[in-house]
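All chains are named by letter (A, B, ...) in the order of the sequence lines, taking the proteins before the strands, and each is independently numbered beginning at 1.
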Amino acid sequence: MHIMEGFLPPAHAAAWTAAAVPFVVAGSRSIARILKENPQAKLLLATSGAFAFVLSALKLPSVTGSCSHPTGTGLGAVLFGPSVMAVAGAIVLLFQALLLAHGGITTLGANVFSMAIVGPWIAYGVFRGIRGLRGSLAVAVFFAAMLGDLATYVTTSVQIALAFPDPASGFTGALLKFTSIFAFTQIPLAIIEGLLTVIIINLLSQYSRSELVGLRFIPGEAK
Amino acid sequence: MLTSDGFAWTNRWHRHHPAEKGLLAGGMLVLAVTLPAPTTAPIIIAVMFVTTVLGAGIPAVTWLRLMALPSGFLITSVPFLALSLNFSSGLQVVFSPQGLEVALSVLLRSLAAVSCLTFLTLTTPTIDLVPLLRRVGVPPAVVEIMLLTYRLVFVFLERAATGHQAQIARQGYVGLRNTLRSLGLLVTSLFQRSLERSRRMEIGLTARGFQGELRVLAPKRSISRARVASAAGLLLGVAAAGLVLDATVR
Amino acid sequence: MTSIALAANGIDYTYPGEVRALKQLDLTIEKGQRLAILGANGSGKTTLLLHLNGTLRPSAGRILIDGRPLSYDRRSLVALRSRVGLVLQEPDDQLFSANVYQDVSFGPLNLGLSEAATRSRIDAALEALRISHLRDRATHMLSFGQKKRVAIAGMLAMQPEILILDEPTAGLDPHGVNHLLSVLHRLHETGTTLVFSTHDVDLAYTWADQIAVFADGTVLKQGEAAAMLADRELLRTARLKMPLILEIAEALYCRRPAWAAIGPPRSKDALLHLLEQTIGGPQ
Amino acid sequence: MTSIALAANGIDYTYPGEVRALKQLDLTIEKGQRLAILGANGSGKTTLLLHLNGTLRPSAGRILIDGRPLSYDRRSLVALRSRVGLVLQEPDDQLFSANVYQDVSFGPLNLGLSEAATRSRIDAALEALRISHLRDRATHMLSFGQKKRVAIAGMLAMQPEILILDEPTAGLDPHGVNHLLSVLHRLHETGTTLVFSTHDVDLAYTWADQIAVFADGTVLKQGEAAAMLADRELLRTARLKMPLILEIAEALYCRRPAWAAIGPPRSKDALLHLLEQTIGGPQ
């Protein structure tokens, strides 16, 4: 869920940008490391970014009737890992702003923080956690994608609540207000995205094993 | 494919140096978020409408459509800024005049900021702005990845659109379950073809001497001093008008 | 009198923010006909085909099915698409599943058919395209020609009354073209109406009953194949050339006007036969 | 005597885990020649072309450049690719930049040319393909034919001695084919060696000096174009057909054996001329 251009007060916009930058820089460093070993990986990284963008441009059937789209956060985090996703996500969000006027430049930092950092890290953590507890692939993917989505939406609500505390009840009231408004659209969407991601990962792990091994999603077969 | 991108490449100002347009849009954006919204924002919206529609020659309908895009976000969030939750005696929802003032000012500020972004989206190909990122310290490798990403976005979008059409022809996307299944199949095939494309592109680029670096030369474009001066003048004018008006109102 | 299955009536279309469009386009598709939509690349043929199955909605004019204007509610579109099947040019864009059998099952399952009915539809479609041996193969391992056949089988399994193919022979080698044409021939004989777009004048000439000559977003003229392709003025306007067979036959005709009564040869063999009559057998 | 620029000597190749391969393949490319590699789809033509610019390395046999075997270290490969330019069939596989001018600049910059030299190379390449007006256009807004020309311009800007094109006319309409052939004609006249793969016998017949007939991963025979395409047995083995012009000419020749001295007509006009001589002018 993108916070639109100009919505956040300048101090907040700047603070969230400052919060997002270290993650993106760290991601860029790890990308630079990958590229040093294998310069051709540039193509693969660009492919992942473009794929993520196109994914976010697809429309999801939405309960509220408005057009919604998958964030792809969970899928991206599970496939490419959260540190690469910070950069890929930032690129996608920048392109969405410049190409579609969706989201914004001043709110880029806040959006990167919720969608390219918190969402993917939560998704990744949930995925690893459930897999570590020997949960099935489908269960792990579903909760990773769904909770990744929900984490993004909660983060966005926090960002807005911090910027616009309730006149009477302050931050707590505002957070309650915004989480409950957005819940109507975001909870069903998170479930749908969870289901969709399971379908996709299932199809991929059946038919694109070699690619997934290449992306280190599935550890290579032991000798 | 993407309407806004089509205009960015063909509008009256598409050959102008991106820095000129970046200065105008970026400057106005700064004014929009920093100056008092109730007085400055309407001026900015008017100025950006005039430059986009009369200056760059974008149809007014297109401008309006793009401006209306974030309205969903505004509708679901702005009214609630004017409502207040009070826990002191149970849960009470009350109207807050103070909140209404904030809500109106956020509404205006956002619309003014969006009008700046809309100008940039409709008049400047995104890819022209990316090289400017190198100046603010983004590593060259990341900039190269962005250049490539931009190109691939369109290749994949075209594939996604055609695939979607083909699925519709076979009665995909009828009902919720079918829609999820269709979408899952589309995304999966898109993923596979994307990886395939990246492998084939590596061959194609290797044939052109690719050894890891994606260096290109942009067509030569010069910055027009006259246009930079008028953009700066416009920014100063808007800032002054906004501030003066604000002082008068108070 | 022949009955009209599907028609476009003065349709206009503009892609948002773009120039290319359909302009005042008329087209009629008769039941049981083989109609070629012949035009240069980028003239808007695909855009037209996407109107015929309701994917795109004209900004002016109407699509008529069985003489009634198409309405664009969900139910009418589903009904239209179960009767009008569209196969796009690029097979890679329309194969979604990992293997051939699964891919062909997509359409029939969407029609809500039972598993048994779906299976028999799949078998029949694979058989019709002579690709039963490919049923278990991975789609990405197929050759271009095979992919094309699988894409057509996927549509055929839905048993449309009208089958529309966008550039069906593009990218196929002569062998692949022959195979495809023989499949289409059998389909036509069992009553399916066939519409295909192409820029190949030779193919349109030897294979279509009628030709709609298409240029710059509109149908310049629609009529009997040989008549359309003998019209040099029309061909020039549409940036097309005359089929070689017809050109040679014309060279013969204009020297021996009497032959014109036989009618123009429609195939290589007919031309060679005509030639034999003209200059006599081997000496 | 003509000198051999590039040759394949008994090369074998198998894709990891697959069946399709090159087998004992021989091919010679003479300087200044126009060579067509003619074969059905999926016969391995692209695999062969990828060997000629060193992308794939044969498992047996050698690639010879100027008579010396190619070694596969980085420097030799870079040197080879600056002399042998390969244009792939699908332009989207080779265009990576957002606008035309930038894209064409990629190759010359990789050769280490200065900015000034690069700019003049770009201008010359765009001019050679008659697409100077597209220089500021977005790559993704081009038509297929335009993309194809930009891909060729990108290779041309590197000024290769040998230009290899994979199915250059695939997907182009007659107008696009003519445009491309006139570009290639000018290139050939200025001394560039041209190699192209195709399954279009008519194109190979009217346009190539030599033809290498390709089937099942090997070159069956290489020789003068008309001789290759008159060999019915060879064509059958390679699943190809005889060009229509040649077939009609043959029908004429076998009736009037004396004409055979003139040699087979290489173009539609030559055939019509021959026909006129045979049956006399209009009556």
Side-chain angles (χ1 to χ4, degrees), chain A residues 2-7 9-10 13 28 31-32 35 39-40 42-47 49-51 53-55 57-58 60-61 66 87 91 94-95 97-102 104-106 160 164 166-169 172-174 176-178 181-182 185 192 195-196 199-200 203-204 207-208 211, chain B residues 2 4-5 29 32-34 66 69-70 72-73 76-77 80-81 84-87 96 98-99 102 106 109-110 112-114 117-118 120-121 126 129 139 141-142 144-146 148-150 152-153 156-157 160 176 179-181 183-185 187-188 190-192 194-195 197-198 201-202 212 214:
Chain A
H2 301 65
I3 300 180
M4 70 182 287
E5 184 69 286
F7 196 82
S28 305
I31 284 178
L35 288 178
Q40 324 297 72
K42 235 173 233 175
L43 282 168
L44 192 62
L45 288 166
T47 300
F51 177 72
F53 182 95
V54 172
L55 199 64
L58 296 173
L60 268 186
S66 69
V87 182
I91 293 177
L94 180 64
F95 277 4
L98 294 174
L99 209 51
L100 310 169
H102 196 49
I105 305 292
T106 61
I160 296 177
F164 305 104
D166 190 286
S169 48
T172 327
L176 190 65
K177 216 160 52 179
F178 289 110
I181 307 161
F182 296 144
T185 51
I192 288 178
L195 292 173
L196 183 65
I199 294 176
I200 294 166
L203 289 167
L204 285 178
Y207 306 118
S208 294
E211 281 88 350
Chain B
L2 297 174
S4 49
D5 177 75
L29 186 57
V33 293
T34 51
L66 214 55
L69 206 72
F73 185 85
T76 49
S77 49
F80 296 93
L81 292 176
S84 170
L85 295 187
N86 199 329
F87 301 111
S96 147
Q98 191 194 342
V102 174
V106 167
R109 183 175 69 204
S110 281
V114 170
L117 190 60
T118 301
L120 210 54
T121 297
T126 299
L129 296 166
V142 175
E144 283 180 14
I145 290 173
M146 292 180 78
L148 195 52
T149 303
Y150 179 82
L152 288 173
V153 158
F156 297 169
L157 271 181
L176 182 68
T179 300
L180 280 183
R181 202 171 88 86
L183 205 56
L185 286 168
V187 170
T188 311
L190 205 60
F191 180 77
Q192 291 164 333
S194 304
L195 291 177
R197 168 76 64 190
S198 115
M201 205 170 211
E202 193 182 322
L214 293 165

Which portion of V33(B) sits near chain A, non-hydrogen atoms under 4.5 angstrom: both

Minimum-distance pair of heavy atoms, taken over all atoms of L85(B) and K177(A): CD1-N, 4.0 Å

Aromatic ring proximity F51(A)/F156(B), centre distance under 6.0 Å: no

Residue part contacting chain B, namely of F178(A), when any heavy atom lies under 4.5 Å: side chain

Side chain, backbone, both or neither of A32(B) within contact of chain A (heavy atoms, under 4.5 Å): neither

Residue Q98(B) versus chain A: region with a heavy atom under 4.5 Å: side chain

Approximate separation, where rounding is to 0.5 Å, of T149(B) OG1 and L45(A) CG: 8.5 Å

Closest non-hydrogen atom pair between G6(A) and R109(B), with its separation: O-NE, 2.8 Å

Rounded distance (nearest 0.5 Å) linking atom CG of L204(A) with atom CZ of F191(B): 5.5 Å

Heavy-atom side-chain proximity of I105(A) to L120(B) below 4.5 angstrom: no

Under 4.5 Å from a heavy atom of chain A, the part of L66(B) involved: side chain

Largest heavy-atom contact set with chain B, pairs under 4.5 Å, which of A174(A), A32(A), S169(A): S169(A)

Heavy-atom closest pair, residues S198(B) and T47(A): CB-OG1, 3.0 Å

Shortest non-hydrogen separation from S84(B) to D166(A) and the atoms involved: OG-OD1, 2.5 Å

Winner by heavy-atom pair count (cut-off under 4.5 Å) against chain B, out of F182(A), F53(A), F95(A): F95(A)

L195(A), part contacting chain B, at a heavy-atom distance under 4.5 Å: side chain

Most contacts with chain A, counted as non-hydrogen pairs under 4.5 angstrom, among L117(B), L81(B), L185(B), L148(B): L117(B)

Flag, side chain of K42(A) to backbone of A141(B), donor-acceptor distance under 3.5 Å: no

From CD1 (I199(A)) to CG (L180(B)), nearest 0.5 Å: 5.5 Å

Contacting region of L152(B) [heavy-atom separation from chain A under 4.5 Å]: both

Heavy-atom pair with the smallest gap, counting every atom of M4(A) and S110(B): CE-CB, 3.7 Å

Atom group of I31(A) that falls short of 4.5 Å from chain B, counting heavy atoms: side chain

Atom pair CZ (F80(B)) and CZ (F164(A)), whose distance is rounded to the nearest 0.5 Å: 15.0 Å

Under 4.5 Å from any heavy atom of chain B - which part of I160(A): side chain

Residue among S28(A), G104(A), P9(A), G49(A) with most heavy-atom pairs under 4.5 Å to chain B: P9(A)

Side-chain heavy-atom pair M146(B), L94(A) within 4.5 angstrom cut-off: yes

Between CG on residue L55(A) and CG on residue L190(B), distance to nearest 0.5 Å: 8.0 Å

Side-chain donor/acceptor of T121(B) to backbone N/O of L98(A), under 3.5 Å: yes

Interface moiety of L43(A) toward chain B, non-hydrogen atoms closer than 4.5 Å: both

Top of D5(B), L29(B), L214(B) for chain A proximity - count of heavy-atom pairs under 4.5 angstrom: L29(B)

Heavy-atom pair count under 4.5 Å with chain B, highest-scoring of I3(A), L176(A), T172(A), I181(A): I181(A)

Under 4.5 Å from any heavy atom of chain B - which part of L100(A): both

Atom of T118(B), atom of A101(A) and distance for their closest heavy-atom approach: OG1-CB, 4.3 Å

